[in-house]
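Down below is the structure, laid out as structure tokens.
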Protein chains: 2
Amino acid sequence: MSSEQVLPERPVAEAPEATEGGEKLSKKALKKLEKEKEKAEKKKAQQAADAAKKAEADANDVSKGKYGDLPMVGATDYKPFALKRRRLYDLGDVADGVEVLVRCDVATARSQSAKLAFLNLRDSLDSVQAVVAAGEDLSRQMVKFASTIPAESIVDVIGIVKEPKEPVKSATISNRELHITQLWTVSRSVPQLPIQVDDAEQALPSDAPGAAEEKAESGRPLVGLSTRLDNRVLDLRSTLNHAIFDIRSGARNLFQDFLRERGFLAVDSPKLLGSPSEGGANVFEVGYYGKKAYLAQSPQMYKQMLIAARYKRVMELGPVFRAENSNTSRHLSEYTSLDLEAEFVDDYQEVMFLIRDLLHHVLSNLDSKFGKQASRVRQTYKSEPFKLPAKPEDIPVITFSEGIQLLLDAGIDASFDDDINSTQEKQLGDLVRAKYNTDFYILTEYPLACRAFYTMPKGADLNAKFSNSYDFMMRGQEVLSGAQRIHDHGMLVARMKTLGLDPENPGFKDYVQAFSYGCPPHAGGAFGLERIVLNWLDLKNVRLATMFPRDPQRVTP
Amino acid sequence: MSSEQVLPERPVAEAPEATEGGEKLSKKALKKLEKEKEKAEKKKAQQAADAAKKAEADANDVSKGKYGDLPMVGATDYKPFALKRRRLYDLGDVADGVEVLVRCDVATARSQSAKLAFLNLRDSLDSVQAVVAAGEDLSRQMVKFASTIPAESIVDVIGIVKEPKEPVKSATISNRELHITQLWTVSRSVPQLPIQVDDAEQALPSDAPGAAEEKAESGRPLVGLSTRLDNRVLDLRSTLNHAIFDIRSGARNLFQDFLRERGFLAVDSPKLLGSPSEGGANVFEVGYYGKKAYLAQSPQMYKQMLIAARYKRVMELGPVFRAENSNTSRHLSEYTSLDLEAEFVDDYQEVMFLIRDLLHHVLSNLDSKFGKQASRVRQTYKSEPFKLPAKPEDIPVITFSEGIQLLLDAGIDASFDDDINSTQEKQLGDLVRAKYNTDFYILTEYPLACRAFYTMPKGADLNAKFSNSYDFMMRGQEVLSGAQRIHDHGMLVARMKTLGLDPENPGFKDYVQAFSYGCPPHAGGAFGLERIVLNWLDLKNVRLATMFPRDPQRVTP
């Protein structure tokens with residue numbers, strides 16, 4: 001193991017000597033030259049003195065060879081440690097007195113005195129306090145080295161696990177601390193960071209008036225969303241974000257597993273389309289080999305075509321693109337959609353109940369498997385735990401008309417003919433919560449006029465007022481929209497013509513044709529993955545559930 | 001259950017009477033009017049006669065109420081059958097004499113005589129022969145109805161399972177046939193199909209001269225790829241395609257499960273980028289709210305930024321976009337990439353071996369779990385089963401230089417300084433197969449000059465000739481490209497400048513900056529999901545492993 005690697009200093013350019021045949025130098029130039037020579041000699045002398053001092057210090061440094069910057073991992077002079085590595089999060093279970101080797105982040109480094117430094121070491125959601133104390137076996141030089149490591153650097157640490165006299169409040173592992181015996185930097189951070197990771201641990205400032213005055217516990221002002229997103233790599237290092245994205249990844253996996261076990265085929269529909277689908281509004285246009293293509297707003301038509309191709313049950317988890325110029329806390333220009341579509345035999349509610357069971361499975365497993373993460377998030381963004389009935393069968397299914405009646409009964413303006421807006425949705429969510437003690441319910445049979453053209457009218461009657469449709473609600477916000485689809489070619493064409501849509505339009509043609517070759521009755525829906533996380537945790541802004549959000553104002557980093 | 005649903009005929013427009021105050025009609029017009037009247041009367045008489053005939057036939061039809069078109073599923077007059085439903089693929093295990101109800105496709109319908117019709121009924125990969133035989137309890141009308149159901153219609157069938165005298169060769173379930181007692185169409189196909197599903201069961205015509213003359217067993221000419229893709233919904237109904245996409249979905253799941261069990265976080269990086277990455281070549285441009293954005297060619301920079309954000313192990317399965325104008329059997333403009341990136345402790349081969357174990361896991365599980373599907377595909381596209389060593393440790397790891405030497409020793413032109421092309425790759429695959437008896441091997445330490453700028457030079461030495469890189473090969477084709485990445489900010493900047501790349505360029509800035517905040521050593525790679533399927537099955541064209549392929553010539557359906 002090499003000791004501290006010293007980068008070669010930039011060589012001082014030798015001043016040019018006045019040469020024969022060269023121009024005669026002016027007095028001024030000569031004087032300058034002399035001064036530079038003097039300076040260079042002084043510097044040399046200083047360097048020699050420093051080197052001597054360092055050599056003496058090194059000779060006196062009992063910790064020599066026990067700290068410094070490691071050679072780059074991958075370099076020929078990098079040698080692995082012999083000691084077995086541990087993960088930081090295990091240290092709480094290591095017995096007092098055991099020597100361990102861990103790789104982790106330096107969250108903070110500070111010197112108490114010339115003889116004592118404290119490091120807060122972090123690894124994902126966990127942290128531990130480390131002590132560097134000068135003594136017979138550990139030099140003051142090493143203490144100084146430790147206390148000057150820039151925050152966010154990565155280190156390899158060897159130390160003895162000790163039980164502290166009092167629980168350590170500043171670390172998640174409070175029943176242990178690490179008494180460092182070796183300390184090596186693996187990758188140094190620059191000393192000045194554009195935002196502190198600790199700032200990223202705090203809540204966003206609220207939209208409330210006077211919010212600019214809100215302060216974190218540290219006394220520093222709260223950092224706004226835009227600054228955080230501009231520095232997302234640092235922002236994402238917070239335990240807050242690690243918790244959120246653990247939950248998001250977990251939800252993703254829970255969805256897939258449940259559907260796979262029920263025979264759903266995982267598919268990837270194309271994102272580049274030859275024609276704008278669904279009328280062409282809010283579609284991003286792409287240059288495609290000198291022609292135009294369009295980004296898919298959803299896999300809707302493809303998943304239905306796959307049902308027509310007899311794939312029975314299909315699911316897709318992938319990006320969708322919406323060129324909506326809306327700057328709200330709920331909309332993104334690109335997000336992750338969980339789409340599913342399935343045949344049914346007699347009744348579209350067979351599929352609706354399957355999706356209900358799916359979401360119930362996801363939410364109840366988030367509860368049981370991501371408690372640590374959820375409580376980390378709730379520490380910063382206070383919210384009520386999500387109220388979920390114990391059994392899927394207990395989730396209320398309410399018709400749209402019943403929902404409107406609930407609103408009217410509560411004195412809230414609403415109409416049996418129009419869709420409800422997000423404010424009414426929220427109010428209805430509160431009413432349902434009060435009545436049924438649940439944050440998850442299903443609203444069915446929306447007015448046909450409010451749904452997409454491919455939605456099956458109630459009773460398969462083109463003149464019906466309502467439709468075989470459903471939205472799933474979490475805390476009064478829609479997280480899934482779905483319906484039985486029109487599987488009959490003649491009925492689909494008739495419905496499209498009623499709405500002034502041309503079934504021969506290149507954006508519809510292949511889709512419409514698919515139903516002329518026989519198609520089983522089917523239903524489906526689409527979740528916004530971010531919205532599940534958002535509403536389960538009650539995060540207020542969908543960008544917080546997205547690693548690198550995209551909206552009309554932001555397409556970086 | 002209603003009997004055959006009769007659609008109302010289009011009403012015949014009544015001819016206008018000459019009215020008072022109206023214009024007087026010419027003789028010609030009057031004559032025309034009379035003729036039309038006559039015609040209408042004749043038609044009425046004919047309709048009455050037909051109705052009478054039908055009523056008589058109905059009265060004599062012992063099968064009345066046992067066949068016809070069902071009301072649309074979802075309509076108020078649709079009623080579920082009381083009998084429990086079975087899946088067609090289970091019929092091979094049903095005892096002789098049992099009555100069953102199944103929903104399935106009519107693959108073919110033909111009448112043997114006025115008293116006997118045969119249906120080939122299909123459900124995904126399985127098919128069974130059904131018999132409709134006139135007799136005391138079954139009318140000739142019903143036989144006629146059965147024999148005239150258009151192929152590809154969906155039916156509900158009730159029948160008695162019987163053991164046939166001889167095994168049925170034309171169906172996958174050869175030990176049973178179904179004696180139909182009730183037959184109802186759920187969704188009718190149009191009678192004329194643009195391609196037959198049976199054509200989609202055949203191989204593509206080969207590229208060989210005279211291929212246009214190649215015929216399927218049926219004697220029909222082989223249908224070309226373009227026609228199949230134009231009619232992809234019908235094409236995808238073939239058991240061949242069901243088998244291929246079962247395997248693709250299976251591979252997708254196997255990848256995810258393996259990585260998840262090893263702590264990889266499932267992430268979704270943005271596909272819309274503010275600047276073209278990696279130099280800007282082959283990037284699709286998108287109109288983004290009056291500005292420009294670009295489609296991601298890979299999640300490379302994002303997965304590395306997530307490593308810099310301390311996510312340790314990340315994976316993504318999603319679309320990537322390549323605006324390469326190459327029309328080969330191996331390239332697509334949009335495909336599904338499996339990207340992964342992981343920290344390592346001492347040596348990049350820790351990650352390389354993890355990926356090796358991953359691919360070995362996927363391939364050996366495809367072997368054990370998708371035998372039925374693989375043999376269906378191999379029936380059409382003959383190929384040797386994929387040679388896979390029993391243990392991952394037995395997979396050969398060969399340096400690039402050793403590979404070049406193998407080529408040179410075999411008298412094949414190759415250079416230690418240049419990358420190998422796809423022909424040399426294929427030849428090297430053959431040599432490795434001959435020497436090690438495997439279709440999967442790893443080639444490491446490519447020349448630094450052939451790899452992306454972020455690749456770690458061997459020995460972390462910017463002047464090194466080789467790099468800490470690896471490609472994974474299946475049947476002599478690259479399916480994964482990967483490497484240790486430069487995690488050191490200073491080294492990355494130096495390397496970029498050597499290559500004439502500007503680290504301050506908006507396409508690089510956030511990425512490069514991420515490493516200045518400390519970053520663990522890491523390595524990763526990216527698989528093309530379609531290429532795994534392509535090479536495991538030896539399919540010859542990557543479009544066959546893609547549901548809706550995109551290339552410079554095709555962006556529909």
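These values consider heavy atoms only, across backbone and side chains, with no hydrogens, waters or symmetry-generated copies.
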Do other residues, nucleotides or ligands put more than 12 heavy atoms under 6.0 Å from the NZ atom of A:Lys509? no
Region of [X] in contact with chain B, defined by heavy-atom distances below 4.5 Å:
| X | result |
| --- | --- |
| A:Tyr335 | neither |
| A:Asp230 | backbone |
| A:Ala293 | side chain |
| A:Arg103 | side chain |
| A:Asp257 | side chain |
| A:Ser269 | backbone |
| A:Pro520 | both |
| A:Asn253 | both |
| A:Arg85 | side chain |
| A:Leu234 | side chain |
| A:Phe321 | side chain |

Can you tell me which of [options] forms the most heavy-atom pairs within a distance under 4.5 Å of chain B?
| options | value |
| --- | --- |
| A:Pro194, A:Pro270, A:Gly290 | A:Pro270 |
| A:Glu324, A:Gln513, A:Glu343 | A:Glu324 |
| A:Glu152, A:Met305, A:Glu334, A:Glu285 | A:Glu334 |
| A:Asp510, A:Leu529, A:Val233, A:Asn468 | A:Val233 |
| A:Leu273, A:Val345, A:Val286 | A:Val345 |
| A:Val197, A:Asn325, A:Thr76, A:Thr185 | A:Asn325 |

Donor on one side chain, acceptor on other, B:Thr336 and B:Arg252, under 3.5 Å: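 Side chains of B:Thr336 and B:Arg252: no pair found under 3.5 Å.
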Heavy-atom closest contact ([X] atom, [Y] atom, distance):
| X | Y | value |
| --- | --- | --- |
| B:Gly274 | B:Tyr294 | O-CE1, 3.6 Å |
| A:Arg550 | B:Leu272 | NE-O, 2.6 Å |
| A:Thr239 | A:Ser124 | CG2-O, 3.4 Å |
| A:Ser187 | B:Cys519 | OG-N, 2.9 Å |
| A:Ile154 | B:Arg310 | CG1-NH2, 3.4 Å |

Selection from [options] maximising heavy-atom pairs under 4.5 Å formed with chain A:
| options | value |
| --- | --- |
| B:Pro457, B:Ala323, B:Gly250, B:Gly318 | B:Ala323 |
| B:Leu306, B:Thr556, B:Asn241, B:Leu193 | B:Leu306 |
| B:Gln484, B:Arg260, B:Met547 | B:Arg260 |
| B:Ala460, B:Ser153, B:Pro549, B:Ala514 | B:Ala460 |
| B:Gly74, B:Gly287, B:Pro552, B:Ala75 | B:Pro552 |
| B:His489, B:Met456, B:Gln256, B:Lys458 | B:Gln256 |

At a heavy-atom separation under 4.5 Å, does B:Asp156 approach chain A through its side chain, its backbone, both, or neither? neither
Part of B:Tyr288 within contact of chain A (heavy atom distance under 4.5 Å): both
Any A:Arg188 side-chain heavy atom under 4.5 Å of A:Pro150 side chain: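 Yes, their side chains come closer than 4.5 Å.
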Indicate yes or no: at least one non-hydrogen side-chain atom of A:Pro319 is less than 4.5 angstrom from one of B:Pro319.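 A side-chain contact exists here, since the closest heavy-atom pair is under 4.5 Å.
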Could you give the distance from CZ (B:Arg554) to CZ (B:Arg232), rounded to the nearest 0.5 Å? 9.0 Å
Of all residues at least two apart in sequence or in a different chain, which pass the side-chain hydrogen bond (donor to acceptor under 3.5 Å, both in side chains) check with B:Asp346? A:Tyr78
Would you say the ring centers of B:Tyr289 and A:Phe284 fall short of 6.0 Å from each other?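 Centroid distance B:Tyr289-A:Phe284: below 6.0 Å, so yes.
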What about the rings of A:Tyr311 and B:His242, do their centers lie closer together than 6.0 Å?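 Yes, they do, as the ring centres are separated by less than 6.0 Å.
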Given B:Lys312 and B:His522, is the side-chain contact (heavy atoms from CB on, under 4.5 Å) satisfied, shown in steps? CA-CA 9 Å; B:Lys312 296 182 183 298; B:His522 61 287; over 6 Å; no
Kindly write out the residues that satisfy ring pair (Phe, Tyr, Trp, His ring centres under 6.0 Å) with B:Tyr302, not counting sequence neighbours, or none if the list is empty.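 Result, ring pair (Phe, Tyr, Trp, His ring centres under 6.0 Å) vs B:Tyr302: A:Phe548.
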